[in-house]
Amino acid sequence: MQTFPPYESSVKPVQRGDLNVLRAIASNPSSFPEIVYFADDQVVTIYDAFPKSRFHLLLLPRQYIPEVSWLAPCHVGLLQHMIKVGTEIATFLTQQYLKSKEEQTFMLGFHAIPSLDQLHMHIISTDFVSPFLKTRKHWNSFHTDFFLPASYVLEELKAGRRLVPAKDREKYVNLLKRPLLCHRCKESFQNMKALKQHVSECRQLFVAKQADASQGIIDKYFIKLN
DNA sequence: GTTCTAGAAC
DNA sequence: GTTCTAGAAC
């Protein structure tokens, strides 16, 4: 198995408040050594400045691509590499830190409508216990179809389709307003405080629709929008 | 993306 | 009265 650096969750990133910082990091990662977790000639992986789970990294292509809706079939090779590296990192973190006590699951994917310029793939553990997880939008951006699993995005590109066409943008925005459901047991909660209390205690296993048991990594696959 | 905060919800 | 959400500003 490929090895990676220790996960230093205490690292305090510097990019807060700058909506264009990911583009700068992608083009010149050596200028941001304190937040870079791993880099190769095609991609850069950094610590999320406001992690929404115990483990939360962002994987960016070095090449400038604004967001997931810009991806086209010509990016299949790049996306395959992003998924390969993301899966290796998730596998490493799982074996290194999660052992058998916690859920050995990571989600790899994209927000349908991101807030930050420059394509970034989330690599996130599925505990979703974090002081930075505060709003309904935070929650639903990972637990509705607003979250586009990387494997789903790859399939769509291979089929010659684009993601998040303009006519669907309103649909995606509205997903963020949906009721708050526990991602494990699907129980509904009135507000974030109640949801977070429950999620910290819910012991039901996170069930995904598609699993690669040989890797121990589950790539959650949401129902497609009509 | 976050912070701040008015006013809605309780 | 306090908690919580959502929109403007950054």
Side-chain angles (χ1 to χ4, degrees), chain A residues 7-29 31-37 39 43-71 82 86 106-150 153 163-164 169-183 187-201:
Chain A
Y7 187 92
E8 304 283 359
S9 57
S10 61
V11 167
K12 290 303 172 195
V14 294
Q15 75 273 34
R16 298 186 177 185
D18 180 354
L19 278 64
N20 298 310
V21 72
L22 294 187
R23 195 173 174 179
I25 295 169
S27 64
N28 193 8
S31 295
F32 303 85
E34 61 287 330
I35 60 170
V36 172
Y37 176 73
V43 301
V44 180
T45 306
I46 62 171
Y47 292 95
D48 190 290
F50 299 89
K52 305 303 189 293
S53 263
R54 185 173 161 205
F55 300 94
H56 189 182
L57 299 166
L58 303 178
L59 189 152
L60 342 171
R62 291 198 178 213
Q63 163 191 358
Y64 176 56
I65 299 171
E67 57 170 288
V68 70
S69 67
W70 284 63
L71 287 175
M82 292 172 69
F106 271 73
M107 286 163 55
L108 304 185
F110 304 86
H111 286 157
I113 302 175
S115 299
L116 298 175
D117 190 23
Q118 173 65 333
L119 181 70
H120 52 284
M121 185 177 80
H122 293 270
I123 303 171
I124 187 166
S125 58
T126 51
D127 47 281
F128 289 95
V129 173
S130 165
F132 299 110
L133 182 60
K134 295 174 179 176
T135 69
R136 181 181 299 266
K137 180 177 175 178
H138 288 157
W139 186 260
N140 283 337
S141 73
F142 288 102
H143 299 297
T144 68
D145 287 341
F146 190 91
F147 186 83
L148 306 176
V153 173
L163 285 300
V164 197
R169 288 185 83 86
E170 189 182 350
K171 240 187 297 185
Y172 282 108
V173 169
N174 287 333
L175 290 174
L176 298 174
K177 301 169 186 170
R178 296 256 287 246
L180 297 167
L181 304 183
C182 172
H183 59 311
E187 185 174 347
S188 179
F189 294 87
Q190 278 304 114
N191 55 52
M192 284 301 292
K193 187 178 181 184
L195 173 72
K196 290 188 69 170
Q197 176 64 35
H198 168 82
V199 166
S200 72
E201 298 168 342

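Small disclaimer: the values here were computed from a predicted structure and weren't measured. Per chain, numbering begins at 1; letters A, B, ... match sequence-line order.
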Calculate the interatomic distance between [X] atom [atom1] and [N] atom [atom2]; express it in whole Å.
| X | N | atom1 | atom2 | result |
| --- | --- | --- | --- | --- |
| A/I35 | B/dG1 | CD1 | P | 16 Å |
| A/L22 | B/dT2 | CG | P | 12 Å |
| A/D117 | B/dT2 | CG | C1' | 17 Å |
| A/L58 | B/dG1 | CG | P | 10 Å |
| A/I46 | B/dG1 | CD1 | P | 13 Å |
| A/L133 | B/dT2 | CG | P | 10 Å |

Contacts of type ring pair (Phe, Tyr, Trp, His ring centres under 6.0 Å), residue [X], not counting sequence neighbours:
| X | answer |
| --- | --- |
| A/Y7 | A/Y47, A/F55 |
| A/H120 | A/H122 |
| A/F128 | A/W139, A/F142, A/H143, A/H183 |

So, OP1 or OP2 of B/dT2: does either fall under 4.0 Å of a side-chain N or O from A/H138?
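For A/H138, the contact criterion (side-chain N or O under 4.0 Å from OP1 or OP2 of B/dT2) is met.
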Side-chain N or O of A/H111 less than 4.0 angstrom from OP1 or OP2 on B/dG1?
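For A/H111, the contact criterion (side-chain N or O under 4.0 Å from OP1 or OP2 of B/dG1) is met.
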Remember a base hit wins even if backbone is also touched, and classify A/K52 as base, sugar-phosphate or nothing at under 4.0 Å, heavy atoms.
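Since only primed, P, OP1 and OP2 atoms lie under 4.0 Å of A/K52, the category is sugar-phosphate.
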What protein N or O atoms touch nucleotides 3-6 of chain C N or O atoms at under 3.5 angstrom, if any, and at what distances?
| from | atom 1 | to | atom 2 | distance (Å) |
| --- | --- | --- | --- | --- |
| C/dT5 | OP1 | A/M192 | N | 3.4 |

Within residues 56-71 of chain A or reaching into it, pairs that qualify as salt bridge (charged side-chain N to carboxylate O under 4.0 Å, His left out) - sequence neighbours excluded:
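Passing the test, one end in residues 56-71 of chain A: A/E67-A/R169.
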Check: A/S130 side chain, A/P51 main-chain N or O, donor-acceptor pair, under 3.5 Å
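Present.
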Sorted by first residue and then second, give each side chain to side chain donor-acceptor pair (under 3.5 Å) pair with at least one member in residues 189-200 of chain A; sequence neighbours left out.
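Residue pairs with at least one partner in residues 189-200 of chain A: A/Q197-A/E201.
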